[in-house]
Structures are given as structure tokens and as C-alpha cells.
Amino acid sequence: MIVVLKRNSDKEHVERLMQHFTEMGLRINYSEGEHTTILGLMGDTTKIDERDILAYDVVERVQRVSEPFKAVNRKFHPEDTVIEVAGRKIGAGYFNVMAGPCSVESEAQIVEVAEAVKKAGASFLRGGAFKPRTSPYSFQGLEAEGLKLLLEAKRQTGLPIVTEIMSEKHLDLFADVDIIQLGARNMQNFMLLKELGRSNKPILLKRGLSATMEEFLMAAEYIFAGGNQNVILCERGIRTFETLIRNNLDISAVPLVKMFSHLPVIVDPSHAAGRRDMVQPLSRAAIAAGADGLIIEVHNDPKCALCDGAQSLDIPQFDTVMADIKRRAAFEERTMMP
């Protein structure tokens, strides 16, 4: 349920109303926009009589919300959320590119890639230290050592880092990570979602391989329910019957998310198709659809990559794609960060 307050409402009367809701055992999501202030009520609202709420002179209208996701719902928070990370802004017209290798392989490799993507205009360095792999015999990442190498690349280049977590047991290792990524396979790892909700780190939440939009937003709701409101959604393609590409990029997810949620949404064109020759056209589509950014895999020598070399751009290819991204983002009147 949402309660829309009248403009210039008396603060004391608003506080009295909020205290009334708190005494009823409800949680309140307070959202103050440029033109509208909303109280989003979460909990058992079935026994609330809307006429009782309308009796308060500060209330303009009351509306019940049918969707199961509440805190991430645009009805609760009409204005776009902007996530601030290391001096960068994500969402609401601020466009970011996160780039780097699928997996961290050595200090020389990650530093070379970090320097290259920064020079091309990327605002974040992505790289995998812990790698979820279908086969137990595939390279699983350098784990804690990989995190140290990412932090070294950050020290040398100044780029904030984005990397994936696999278990709540590893949270302490991620203390200096700027954005924690939750991968598609863990989108419904509810224990991990709860732990990330208790953290204060920005979370990049990837959509599951076959997740509906409601399931996707409910996963974000888990993080919000724990108190962490720094969530960035990522569309990375869904599994279909097509075999010529790795996944199908659901480009409709971008406007659909923005229709139902206030959270920023970025697109991963690398995982979406699993082919480097699809990265540029899918990036164009993402920008046109209104995405708030891209996360792209880049490797200094893709043919020798230990993970996902087929979908990784080499450095000259990334330079070309970034030049195209800058032109199109400018055409769409978005602010490229940093």
C-alpha cells in the first residue's frame, strides 16, 4: 500500500501518521521526490481501512499495490534511483561501462586490461576472482588471490572494481570491493541475498537464466528487505531453444524493468550472446532501449583466455566499441561516467 501525501504537509502531522503505521507493525519506505512524497507501507496491510488513513489531513490519496515486490516498485519510489559508487553515479541519465576479463589470471594481465579499458573510457573494472563453472574440472578462478590482484589493478589505475561473490562465507574478503556482483546462477540463492541485504555494498544483481521479471525483482526485494537499497539490475540474456548463440538478450527487459521499478538496469552483451561479434550490435540495442550502462568482457589475448575467450573483445576491438558507445550515449543525451 502507498500513501501519497499532500504537498507542503505539516511535518509534525506526517510524523504522527508514520508513528501510527509503526505502531501497527508496518515498515515504512519514505520517498520524497521533487513533486510528490510517498509513504510505502510494507507488512500486513489487509486490515487497514483506507478511509481511516484519508481522515488524516496530510493524506492526498491511498493506493493498494498488487505486485508482490514493494520496496523496489516504482509506485513506492516514482523517481529513478541513482547509485553512487566511488564518485560515479549509475542510473537516471548517468551511463557507465564496466569492462574487464571474465577471470583474473595474473597481475600483468589484469593491470594491462585495466589500463586499456580506462584509457578507452570505462568507468569500472570488472573481473572474476571466484568463477561459477558448469564443469567441476574447468578453471574456477584464483579466488582470494584474484581479489588481491583486482585491488592491485585498482591501486594502479584508480578504477573501482566489480567482481562476483559465490558464498556468504566470503563476504569479509570483499570488504574493499566497490560493487559486489551476484551472478545469474545465484539470483535465487536466498541466504546469500539476505546476507547482501545486511551489507552496505552496492550489489549488481544479474537476472537468472530463466527468471521471470517478477522473480528478478523479488530477488532485488530480498536485498532491500535486509536494509541495503544500493541495487543495480543486470539483464544478461535468458536461455531459449536457440543454439547459435549462448543466450538470447531480452532487450524488452530494459523498458519493462523501468516501467515497474526505480532501480538502474544495465546490460551484459557479452554473456547475452557468447560471441564477440555480437557485442557491438547488442550494446547499441541496449543504449536505444534505455539501459543505464553496459558490462563488457575484455581480454588482452582472448584466444589464450582461461574462461569465455569466445565472447571477450580484445583491446583494439574494445576501443572501437567504446567509441561507438560514446557517440550513441551522447546522441541519447546521457552523461558518460566518470
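Starting from 1, each residue takes its place in the sequence as its number.
For Lys131 and Asp308, the salt-bridge test fails: no basic side-chain N is under 4.0 Å from an acidic carboxylate O. Taking the charged nitrogens against the carboxylate oxygens, Asp292 and Lys258 do have a contact shorter than 4.0 Å, which makes a salt bridge.
Considering only heavy atoms from C-beta on, Phe95 comes within 4.5 Å of Ile287 through its side chain. Residues Glu152 and Gln156 have side chains in contact (heavy-atom distance under 4.5 Å, counting atoms from C-beta outward).
If you chain together ILVMFWY residues whose side-chain heavy atoms come under 4.5 Å of each other, Val59 ends up grouped with Met1, Val3, Leu5, Val14, Leu17, Met18, Phe21, Met24, Leu26, Ile28, Tyr30, Leu39, Leu41, Ile48, Ile53, Leu54, Tyr56, Val58, Val62. Under a 4.5 Å side-chain heavy-atom criterion applied to ILVMFWY residues, the cluster that includes Val4 comprises Ile2, Ile38, Met42, Val65, Phe76 as well.
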Below 3.5 Å, can you tabulate the donor-acceptor pairs from side chains in residues 175-187 to any protein atom, sequence neighbours excluded?
{"residue": "Asp178", "atom": "OD1", "partner": "Lys154", "partner atom": "NZ", "Å": "3.2"}
{"residue": "Asp178", "atom": "OD2", "partner": "Lys154", "partner atom": "NZ", "Å": "3.0"}
{"residue": "Asp178", "atom": "OD2", "partner": "Ile161", "partner atom": "N", "Å": "2.8"}
{"residue": "Gln181", "atom": "NE2", "partner": "Glu164", "partner atom": "OE1", "Å": "3.4"}
{"residue": "Arg185", "atom": "NH2", "partner": "Thr134", "partner atom": "OG1", "Å": "3.3"}
{"residue": "Asn186", "atom": "OD1", "partner": "Asn189", "partner atom": "ND2", "Å": "3.1"}

Enumerate, atom names and distances included, each donor-acceptor pair closer than 3.5 Å involving a side-chain atom of residues 80-92, sequence neighbours excluded.
{"residue": "Asp80", "atom": "OD1", "partner": "Arg74", "partner atom": "NH1", "Å": "3.0"}
{"residue": "Asp80", "atom": "OD1", "partner": "Arg74", "partner atom": "NH2", "Å": "2.6"}
{"residue": "Thr81", "atom": "OG1", "partner": "His262", "partner atom": "ND1", "Å": "2.7"}
{"residue": "Arg88", "atom": "NE", "partner": "Ser123", "partner atom": "O", "Å": "3.2"}
{"residue": "Arg88", "atom": "NH1", "partner": "Ala86", "partner atom": "O", "Å": "3.1"}

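Not a single side chain to side chain contact (heavy atoms under 4.5 Å, CB included) links Lys119 to another residue, sequence neighbours left out. Scored by the side-chain hydrogen bond (donor to acceptor under 3.5 Å, both in side chains) test, Thr240 finds Asn248 as partners (sequence neighbours excluded). Not counting sequence neighbours, Arg61 has no partner by the side-chain hydrogen bond (donor to acceptor under 3.5 Å, both in side chains) test. In terms of the side chain to side chain contact (heavy atoms under 4.5 Å, CB included) criterion, residue partners of Ala291 (sequence neighbours excluded) are, by chain and number, Val254, Val267, Ala286. Scanning for side-chain hydrogen bond (donor to acceptor under 3.5 Å, both in side chains) contacts around Gln229 gives an empty result, with sequence neighbours left out. For Ala305, the side chain to side chain contact (heavy atoms under 4.5 Å, CB included) criterion is met by Glu105, His299, not counting sequence neighbours. Residues forming a side chain to side chain contact (heavy atoms under 4.5 Å, CB included) with Glu195 (at least two apart in sequence, or on another chain): Glu168, Leu171, Arg198.
Residue pairs meeting the salt bridge (Lys or Arg N to Asp or Glu O under 4.0 Å) criterion with at least one partner in residues 202-219, sequence neighbours excluded, are Lys206-Asp268, Arg207-Glu235, Arg207-Asp250.
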